[in-house]
Amino acid sequence: MEGTFNFSKPLDTDFFQQPTLDLASSLLGCILVKETEEGTAAGIIVETEAYIGPMDQAAHSYDNRRTARTEIMFHQAGLAYTYVMHTHTLFNVVSGEPGKPEAVLIRGVEPLSGLDLMVKRRGMPESANLTNGPGKLTKALGINMSDYGHPLTKKPLFITQGPVPDSISSGKRIGIDNSGEARDYPWRFWITGNRYVSRHQKAEKTIVNNGGST
DNA sequence: TTATCGATTGACT
DNA sequence: GTCAATCGATAAC
């Protein structure tokens with residue numbers, strides 16, 4: 001039934017125009033969809049990290065560094081920022097106002113549709129390992145550098161509304177040990193307890209859907 | 001659990 | 001030309 005999976009309409013540009021930290025948590029539970037000639041694959045976003053260029057030493061765009069690579073972060077919110085590191089492509093959602101180089105890294109998704117395709121692309125059987133990391137999910141979904149700068153409000157790569165998470169946790173970001181004090185900013189967000197979160201780590205804060213905070 | 005190596009890209013000298 | 005990087009898989013311990 002994969003060809004007929006009924007996704008809701010892509011989110012609008014306004015959704016992406018909220019402040020970057022809000023967007024990073026709002027993206028949890030949303031559905032990331034990529035359509036290719038091989039078929040469609042989609043997953044629920046379960047883990048994100050915010051990068052706020054101007055004052056964030058961990059961001060590629062720290063201190064407003066504007067280069068061919070970071071250029072897209074200076075543009076309108078809702079575009080795709082993809083880049084390659086080592087053997088992997090990483091996917092970010094551009095956020096912030098035009099002129100402010102901010103983005104949200106997608107670090108984990110829960111497979112929702114196109115599972116066979118993901119298994120094939122990853123060359124491994126189904127498991128949490130399929131999409132529980134930023135390089136893993138791009139490979140599973142077929143995201144690559146040709147998606148650089150694509151607006152996430154339309155095909156073939158887009159984001160739609162999904163189930164609202166019961167509980168969201170936040171804590172320090174992963175893999176930025178060399179970033180001065182920015183390494184301790186609690187700008188990572190994940191769906192509490194989800195098995196497709198890339199790494200288990202102590203939450204500094206957990207917010208349950210209906211208010212309460214622990 | 002930590003360590004190392006792969007192998008690509010962009011940024012800076 | 002050189003080097004570091006929003007990582008992943010595997011090997012060693």
Side-chain angles (χ1 to χ4, degrees), chain A residues 16 20-21 23-25 27-28 32 43 45-75 77 79-96 100-111 118-150 152 157 159 169-191 195-202 204:
Chain A
F16 297 101
T20 297
L21 291 173
L23 179 63
S25 57
L27 279 168
L28 296 174
L32 178 62
I45 296 171
V46 303
E47 181 183 356
T48 63
E49 283 179 2
Y51 286 84
I52 303 184
M55 33 81 76
D56 180 1
Q57 291 177 67
H60 294 152
S61 53
Y62 173 54
D63 200 23
N64 289 309
R65 186 167 51 159
R66 188 165 189 159
T67 64
R69 179 171 63 159
T70 63
E71 177 63 26
I72 203 66
M73 285 200 267
F74 288 83
H75 292 226
L79 303 179
Y81 170 41
T82 51
Y83 83 96
V84 174
M85 112 167 265
H86 297 261
T87 53
H88 310 286
T89 303
L90 275 66
F91 170 71
N92 296 247
V93 177
V94 173
S95 67
K100 300 201 173 168
E102 307 181 9
V104 177
L105 169 67
I106 307 303
R107 289 193 55 91
V109 305
E110 175 176 336
M118 295 194 217
V119 165
K120 182 177 142 201
R121 285 173 173 151
R122 292 277 288 125
M124 59 163 61
E126 179 184 3
S127 76
N129 229 14
L130 216 52
T131 54
N132 65 346
K136 298 177 189 178
L137 72 90
T138 54
K139 186 169 182 187
L141 293 177
I143 294 172
N144 54 56
M145 283 308 288
S146 71
D147 295 306
Y148 183 92
H150 177 79
L152 298 168
L157 176 63
I159 293 177
S169 296
S170 59
K172 292 177 188 174
R173 292 176 290 179
I174 303 291
I176 54 164
D177 287 336
N178 215 343
S179 306
E181 63 179 42
R183 63 189 254 164
D184 293 328
Y185 296 168
W187 288 356
R188 176 178 180 234
F189 302 87
W190 65 94
I191 296 180
R195 107 184 234 250
Y196 293 92
V197 169
S198 66
R199 216 163 119 182
H200 287 291
Q201 178 206 49
K202 195 170 76 179
E204 295 185 6

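Throughout, a chain's letter reflects where its sequence line sits, starting with A, and its residues are numbered from 1. These numbers were taken from a predicted model, which means no experiment stands behind them.
Nucleotide dT9(B) holds its P atom 15 Å from the NE2 atom of His60(A), rounded to whole Å. Distance CE (Met73(A)) to C1' (dA11(B)): 13 Å, rounded to an integer number of Å. When the P atom of dT6(C) is taken as reference, atom CE of Met145(A) falls 14 Å away, rounded to whole Å. Rounded to whole Å, atom P of dA5(C) lies 13 Å from atom CZ of Arg183(A). Rounded to whole Å, the distance from CG on Leu130(A) to C1' on dA9(C) is 15 Å. What separates OH of Tyr62(A) from P of dT6(C) is a distance of 15 Å, to the nearest Å. Distance, Arg122(A) CZ to dC7(C) P: 14 Å, rounded to whole Å. As a whole-Å value, the separation of Asp177(A) CG from dA4(C) C1' is 14 Å.
Residues Gly53(A) and Ala59(A) share a closest heavy-atom pair of CA-CB, 3.9 Å.
Residue Asn178(A) places its side chain closer to dA5(C) than to any other of dG8(C), dA5(C), dA11(B). Among the nucleotides dC12(B), dA5(C), dC7(C), the one closest to any side-chain atom of Arg107(A) is dC7(C).
A tilted orientation is assigned to the rings of Tyr185(A) and Trp187(A), their planes being inclined by 30° to 60°.
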Go through Met124(A) and Leu130(A) one step at a time and tell me if the side-chain contact (heavy atoms from CB on, under 4.5 Å) criterion holds. CA-CA 8 Å; Met124(A) 59 163 61; Leu130(A) 216 52; 3.7 Å; yes
So what does the secondary structure string of DNA chain C come out as, 5' to 3', with Watson-Crick or wobble pairs under 3.5 angstrom, [ ] for crossing and | for pairs with another strand? |||||.||||||.
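Not a single donor-acceptor pair under 3.5 Å links the side chain of Thr82(A) to the backbone N or O of Asp147(A). Using modelled atom types, one side-chain atom of Thr131(A) and one backbone atom of Val109(A) make a donor-acceptor pair closer than 3.5 Å. No donor-acceptor distance shorter than 3.5 angstrom exists from the side chain of Glu49(A) to the backbone of Arg107(A), with no hydrogens or angles considered.
For the segment residues 81-96 of chain A, the set of residues with a heavy atom within less than 4.0 Å of an atom of DNA chain B comprises Val84(A), His86(A), Thr87(A), His88(A), in numerical order.
At least one side-chain heavy atom of Met118(A) sits under 4.5 Å from a side-chain heavy atom of Leu141(A). Within the 4.5 Å cutoff, side-chain heavy atoms of Ile176(A) are placed close to those of Tyr51(A).
Using a 4.0 Å cut-off, some side-chain N or O of Lys136(A) falls inside it from OP1 or OP2 of dA9(C). For the OP1/OP2 pair of dT9(B) and a distance below 4.0 Å, the side-chain nitrogens and oxygens of Arg69(A) include no atom meeting the criterion. In terms of phosphate contacts, Arg65(A) brings a side-chain nitrogen or oxygen within less than 4.0 Å of OP1 or OP2 of dC12(B). Within the 4.0 Å cut-off from OP1 or OP2 of dG8(C), not a single side-chain nitrogen or oxygen of Arg199(A) is found.
Around CG of Asn129(A), the count of heavy atoms belonging to other residues, nucleotides or ligands within 6.0 Å exceeds 12.
Between Thr20(A) and Ser95(A), the side chains place a donor N or O and an acceptor N or O closer than 3.5 Å (distance only, hydrogens not considered).
Taking the nucleotide of DNA chain C with the nearest heavy atom to each of Met124(A) and Leu105(A), the more 5' of the two is matched to Leu105(A).
Residue-level contact check: Ala103(A) touches neither bases nor backbone, having no heavy atom under 4.0 Å from any strand.
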